[in-house]
Amino acid sequence: MTALTETGSLADDADRRLAPALVRQATHHLLSAAPGASTIAVGLHREGRRATVVRGATAHHGGVPATAATRFEIGSATKTFTALLLAEQAARGELNLDDSLARHLPAVATGPAARHTITLTHLATHTSALPGTPPGLPRLLPALCGPLLQAPLPSRMTAAYAAYTPDHALRALGRTRLRARPGTRVRYSNYAVGLLGQALSAAAGGIPYPDLLDTRVLRPLGLRETDCTTTAPSGTTQATGYWHHRAQPPLRMPALTASGELRSSTRDLLTVTEALIDPASATGVPPSLHTALRDVQRPRLRIPRGTTLLALVWNIRPRPDGSHLYFHTGGTFGFSTFIGFNPHHRTALVALANTSAHRRNNLVQQAYNTLIDLHR
């Protein structure tokens, strides 16, 4: 089942809908790019026009037809929302991007990591030198093996992430040895952005990250289907994730909420990319969020031995025509996500599938190529 819909305010004006022929051409390969998924959802934006295309049902057995409001786990694409929150708090003066992590999380002031200054920008650009996986997380697996001995590895890892608390992450920080001097090497780190979320909460007076994100980013942008809860809000649906055709339990990451726990819909993610393409179009949002929408796009560094630039969380690929393509991907044990946009060409693409990464899952690369083709 495939449904072509136009959602949000653009749907009210027929002249601002993407031409069906263009949509069919753009999504033809994408809708079959993730074998094993029961549903694939794609959102497209080009020069002020949008469309969403959704194929399939929320589950292989017993699901309901998926829509543009159906929620998916978006994994590491959560980090792009954390970057917006960081920039928003900086714009309102609650923190500075060059603040040390120790200023907001005193636990870092002791132990090996204390010998170097890790800043909030280091955390948001993966240059903190912290390990990618939270220290101590693998040690939880043996303790969980009893009740989960027969479960596949993703289910055991899901249980380990659920049992790894913010306090675990903070205590581990005091024992962590950095792999390099902060700011000198790019090393992707879920742990770093998880700690960033805790620092943002502390800078706001202890407001929990999910509540802070909702108040400062999600509600001002009108995102109705995006949050960290494992159940869908009333009136929406939620896809079941699959790993090699096996249904997976919902992912809970209390220590890494800011790094990968959000659920969102095609409709909401398309709205975010449209706000990034044209911050002035995000009417009714506070000035601090307007500033943040621009600030997260500013290039901060170039990855050595390559052409890719890094903004706050976002990857940036310079294009031959001088424009910049921004993108981020996400993956959990049951979902795959791509979000990308090109401000110069005013194009954006969101692609979601309820299956994990595997050899035949080409969703991310196909989405990237399709986004490039959108401006032609």
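In what follows, residues are counted from 1 in the order of the sequence shown. In what follows, every heavy atom counts, from backbone to side chain, and hydrogens, waters and symmetry copies are set aside. It should be emphasised that the depicted structure is a prediction, and the values quoted were computed from it without experimental measurement.
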Side-chain donor-acceptor pair present, Thr127, Thr125, cut-off under 3.5 Å: yes
For Ser356 and Ser336 the tightest heavy-atom approach is C-OG, 3.7 Å
Would you call Thr266 and Thr52 a side-chain contact if the rule is heavy atoms closer than 4.5 Å? yes
| query | Looking at side-chain heavy atoms only, is the closest gap between Val313 and Thr82 below 4.5 Å? | reply | no
Open item on the list: Under a 3.5 Å distance rule, please check whether Thr236 uses its side chain to pair with a backbone N or O of Ala232 as donor and acceptor.
Closed with: no
Side-chain contact, heavy-atom cut-off 4.5 Å: Ile40 with Thr27? no
For Pro182 and His116 the tightest heavy-atom approach is CD-CB, 3.5 Å
Handout entry: Candidate pair Asp227 and Arg71, rule salt bridge (Lys or Arg N to Asp or Glu O under 4.0 Å), full reasoning
Key = CA-CA 10 Å; Asp227 61 34; Arg71 287 158 38 104; 3.0 Å; yes
Check your understanding: Are Arg263 and Leu251 close enough that some pair of their side-chain heavy atoms sits under 4.5 Å apart?
Key -> yes
Look only at the side chain of Ser189 and the backbone of Pro131, and say whether a donor-acceptor pair between them is shorter than 3.5 Å. yes
His29 vs Gln366, side chain to side chain donor-acceptor pair (under 3.5 Å): CA-CA, chis, key distance, verdict:
CA-CA 7 Å; His29 295 294; Gln366 187 63 53; 5.4 Å; no
For the pair Leu30 and Val53, evaluate side chain to side chain contact (heavy atoms under 4.5 Å, CB included) and give the outcome as yes or no after the intermediate values. CA-CA 10 Å; Leu30 263 175; Val53 182; over 6 Å; no
Below 30° counts as parallel, above 60° as perpendicular, anything between as tilted: where do the rings of His168 and Tyr164 land? parallel
Q.
Let's go through Asn354 and Ser38 carefully: what are the C-alpha distance in whole Å and the side-chain angles of both, what is the deciding distance for side chain to side chain donor-acceptor pair (under 3.5 Å) to 0.1 Å, and is it a yes or a no?
A. CA-CA 7 Å; Asn354 65 333; Ser38 72; 2.8 Å; yes
Residues passing the ring-ring contact (aromatic ring centres under 6.0 Å, His included) test with His104, sequence neighbours excluded, are none
**Request:** Just say parallel, tilted or perpendicular for the rings of Trp314 and Phe341, cut-offs at 30° and 60°.
**Result:** perpendicular
Practice item. Just do the side chain to side chain contact (heavy atoms under 4.5 Å, CB included) check on Val42 and Val350 with the steps written out, would you? Key: CA-CA 5 Å; Val42 180; Val350 172; over 6 Å; no
Note: with side-chain heavy atoms under 4.5 Å as the link, the other cluster members for Ile303 come out as Val186, Leu301, Leu310
- Let me see the working for Ile207 and Leu200 under side chain to side chain contact (heavy atoms under 4.5 Å, CB included), right down to the final yes or no. CA-CA 9 Å; Ile207 301 172; Leu200 299 183; over 6 Å; no
What's the verdict on side chain to side chain contact (heavy atoms under 4.5 Å, CB included) for Glu274 and Leu270, showing C-alpha distance, side-chain angles and the deciding distance?
CA-CA 6 Å; Glu274 288 167 346; Leu270 198 55; 3.9 Å; yes
Is any side-chain heavy atom of Phe338 closer than 4.5 Å to one of Leu352? no
(Q) Students often mix this up, so state it plainly: with edges at 30° and 60°, are the rings of His60 and His245 parallel, tilted or perpendicular? (A) tilted
On a heavy-atom basis, the closest approach of Ala203 and Leu95 is CB-CD2, 3.8 Å
NE2 of His122 to OG1 of Thr184, rounded to nearest 0.5 Å, is 8.5 Å
In this structure, CZ of Arg246 is separated from CD of Gln248 (nearest 0.5 Å) by 8.5 Å
Heavy atoms of Thr58 and Gly63 approach each other most closely as OG1-CA, 3.3 Å
Q. Parallel under 30°, tilted from 30 to 60°, perpendicular over 60°: which one fits the rings of His358 and His244?
A. tilted
TODO: Could you check whether the rings of His328 and Tyr188 sit parallel, tilted or perpendicular, using 30° and 60° as the cut-offs?
DONE: tilted
Original post:
In this structure, are over 12 heavy atoms from other groups packed under 6.0 Å from Arg181 atom CZ?
Top reply: no
The reported gap from OG1 in Thr119 to CG in Leu97 (rounded to nearest 0.5 angstrom) is 8.5 Å
Item to complete: Indicate if Ile277 and Leu289 have the same hydrophobic cluster label, given that clusters are the connected sets of ILVMFWY residues with side-chain heavy-atom separations under 4.5 angstrom.
Response: yes
### Message
Please determine whether side chain to side chain donor-acceptor pair (under 3.5 Å) holds for the pair Thr226 and Asp268, giving the CA-CA distance in whole Å, both sets of side-chain angles, and the decisive distance to 0.1 Å.
### Response
CA-CA 7 Å; Thr226 305; Asp268 275 4; 2.8 Å; yes
Is any side-chain heavy atom of Pro166 closer than 4.5 Å to one of Pro254?
yes
### Task
List the steps, then state whether side chain to side chain donor-acceptor pair (under 3.5 Å) holds for Asp321 with His345.
CA-CA 10 Å; Asp321 62 5; His345 293 292; 2.5 Å; yes
CH2 of Trp243 to OG1 of Thr332, rounded to nearest 0.5 Å, is 13.0 Å
(message) Using modelled atom types and a 3.5 Å cut-off, is there a donor and acceptor pairing between side-chain atoms of Arg46 and backbone atoms of Leu374?
(response) yes
* To do: Using the rule that two of Ile, Leu, Val, Met, Phe, Trp, Tyr join whenever any of their side-chain heavy atoms come within less than 4.5 Å, decide whether Tyr242 and Val364 are in one cluster.
  => no
Quick note, salt bridge (charged side-chain N to carboxylate O under 4.0 Å, His left out) partners involving residues 193-220, not counting sequence neighbours, are Glu88-Arg216, Glu94-Arg216, Asp214-Arg219
d(Leu349 CG, Thr370 OG1) to nearest 0.5 Å is 6.0 Å
Practice item. Assess the side chains of Thr70 and Thr237: does a donor N or O sit below 3.5 Å from an acceptor N or O? Key: yes
In terms of heavy-atom contacts, Ala87 and Val296 come closest through CB-CG1, 3.8 Å
| query | Take atom CZ in Arg294; do more than 12 heavy atoms of anything else shown fall under 6.0 Å from it? | reply | yes
Nearest heavy-atom approach of Val285 to Pro220 is CG1-O, 3.2 Å
Q. Is there a chain of hydrophobic side chains (I, L, V, M, F, W, Y, each step under 4.5 Å between heavy atoms) that links Leu218 to Leu293?
A. yes
Interatomic distance, CG@Leu195 vs CG@Leu120, rounded to 0.5 Å, equals 11.0 Å
Apply salt bridge (Lys or Arg N to Asp or Glu O under 4.0 Å) to Arg103 and Asp98, showing your working.
-> CA-CA 10 Å; Arg103 177 174 179 178; Asp98 294 324; over 6 Å; no
Going hydrophobic residue to hydrophobic residue with side-chain gaps under 4.5 angstrom, can you get from Leu312 over to Tyr209?
yes
Can you find a pair of side-chain heavy atoms, one from Arg49 and one from Glu47, that are under 4.5 Å apart? no
- prompt: Is Leu123 linked to Val193 within one hydrophobic cluster, defined over Ile, Leu, Val, Met, Phe, Trp and Tyr using a side-chain heavy-atom separation of less than 4.5 Å?
  reply: no
Self-check item: Side chain to side chain, Leu309 and Pro318, heavy atoms closer than 4.5 Å
Solution: yes
Do Asn342 and Thr347 get their side chains close enough for a donor-acceptor pair, meaning under 3.5 Å? no
request  = Output yes when a side-chain donor or acceptor of Ser76 lies under 3.5 Å from a complementary backbone atom of Gly330, and no otherwise.
outcome  = no
